[in-house]
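Only one structure is covered here, and it is reproduced in the block below.
The figures here come from the full heavy-atom set of this structure, side chains too, leaving out hydrogens, waters and symmetry mates.
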Amino acid sequence: MTRQRIARLTIAAVLTLTAATATAQRFFADFGGPWNVTVQGPQGPMNSLLTLKQSGDTISGDFESELGKAPVAGMVQGDSIKFSFALDVGGQQLSILAAGALKDPKTLNGQLDVGGMGAFPFLATRKE
């Protein structure tokens, strides 16, 4: 093989990899629908319902628990999700940031960072 042909093949391989990487970065997992969520809090497990609507990389919806119901807003990147919401607990607003990733199409693992109270793990399963 000539040097010129090797150079062309190398350039073609690099361009192919670049295109594949750009396509992969635009892939968004499906987080839409209802999720049964169990948060491991300081007083033990707390069950909640997370209902999400997804449009491209944007997430919206509701988080419902024994503490109340709150609107959710966030972003998706690949198989990862980040969202936030606020709950009124006894007149005090709790700001909550959540981050997680799909373990499989029906299971989501992550953490809820409750402002000033720490981070708590959660497990969510897609509701049938």
Side-chain angles (χ1 to χ4, degrees):
M1 262 190 198
T2 66
R3 286 184 186 180
Q4 193 174 30
R5 186 168 180 179
I6 291 172
R8 285 183 192 156
L9 288 173
T10 302
I11 290 171
V14 167
L15 290 175
T16 301
L17 274 174
T18 302
T21 302
T23 300
Q25 290 174 347
R26 287 189 296 249
F27 164 75
F28 303 115
D30 177 21
F31 288 92
W35 295 83
N36 290 315
V37 180
T38 302
V39 179
Q40 297 301 323
Q43 276 77 37
M46 182 176 69
N47 295 318
S48 306
L49 177 65
L50 176 64
T51 305
L52 297 173
K53 296 174 195 140
Q54 182 172 347
S55 178
D57 66 348
T58 303
I59 288 289
S60 62
D62 293 302
F63 186 88
E64 291 181 67
S65 74
E66 61 190 48
L67 299 176
K69 182 176 180 179
V72 169
M75 302 293 287
V76 170
Q77 184 174 21
D79 66 350
S80 297
I81 185 171
K82 290 183 181 180
F83 60 92
S84 62
F85 59 98
L87 287 172
D88 185 313
V89 180
Q92 181 181 4
Q93 283 288 97
L94 287 180
S95 295
I96 302 169
L97 300 173
L102 287 176
K103 184 175 178 182
D104 58 53
K106 295 183 179 186
T107 309
L108 171 63
N109 288 337
Q111 284 198 328
L112 294 179
D113 185 359
V114 182
M117 297 180 67
F120 306 101
F122 73 84
L123 172 66
T125 54
R126 196 178 292 273
K127 191 173 178 179
E128 297 296 325

All N/O donor-acceptor pairs, side-chain side in residues 31-39, below 3.5 Å, sequence neighbours left out:
unit_1 : atom_1 : unit_2 : atom_2 : d
Trp35  : NE1    : Phe31  : O      : 2.9
Thr38  : OG1    : Asn47  : OD1    : 3.0

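Contact annotation: the side chain of Asp30 approaches that of Gln54 to within less than 4.5 Å [non-hydrogen atoms, C-beta and beyond]. Using a 4.5 Å heavy-atom cutoff, the side chains of Met117 and Leu94 are in contact. Looking at Ile81 and Ile59, their side chains come closer than 4.5 Å, going by heavy atoms from C-beta outward. Considering only heavy atoms from C-beta on, Leu112 stays 4.5 Å or farther from Leu97 through its side chain. In this structure, Arg126 and Pro105 have side chains that are not in contact, with every pair of non-hydrogen atoms separated by 4.5 Å or more.
Across all non-hydrogen atoms, the minimal contact from Ala86 to Ala70 is O-CB, 3.1 Å. Nearest heavy atom pair, residue Ala99 against residue Lys82, reads CB-CG, 4.1 Å.
Connection of Leu123 to Leu49 is not established within any shared hydrophobic cluster, with ILVMFWY side chains joined at heavy-atom distances below 4.5 Å, either directly or through further cluster members.
Every pair tested for ring-ring contact (aromatic ring centres under 6.0 Å, His included) that includes a residue from residues 98-117 fails, sequence neighbours excluded, so the list is empty. Sorted by first then second residue, the ring-ring contact (aromatic ring centres under 6.0 Å, His included) pairs that include residues 92-126, not counting sequence neighbours, number zero. Pairs passing the salt bridge (charged side-chain N to carboxylate O under 4.0 Å, His left out) check and including a residue from residues 86-114, sequence neighbours excluded, read Lys106-Glu128. Applying the ring-ring contact (aromatic ring centres under 6.0 Å, His included) rule to pairs touching residues 82-118 yields Phe63-Phe85, sequence neighbours excluded.
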Inset, instruction - Go through the steps for Val72 and Leu52 under the test side chain to side chain contact (heavy atoms under 4.5 Å, CB included), then give the verdict. - result: CA-CA 8 Å; Val72 169; Leu52 297 173; 4.2 Å; yes
Inset, instruction - Apply side chain to side chain contact (heavy atoms under 4.5 Å, CB included) to Leu87 and Ile96, showing your working. - result: CA-CA 8 Å; Leu87 287 172; Ile96 302 169; 4.0 Å; yes
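Applying the salt bridge (charged side-chain N to carboxylate O under 4.0 Å, His left out) test to Glu66 and every residue at least two apart in sequence or in another chain returns nothing. Applying the side-chain contact (heavy atoms from CB on, under 4.5 Å) rule to Lys69 yields the partners Asp62, Glu64; only residues at least two apart in sequence or on another chain are considered.
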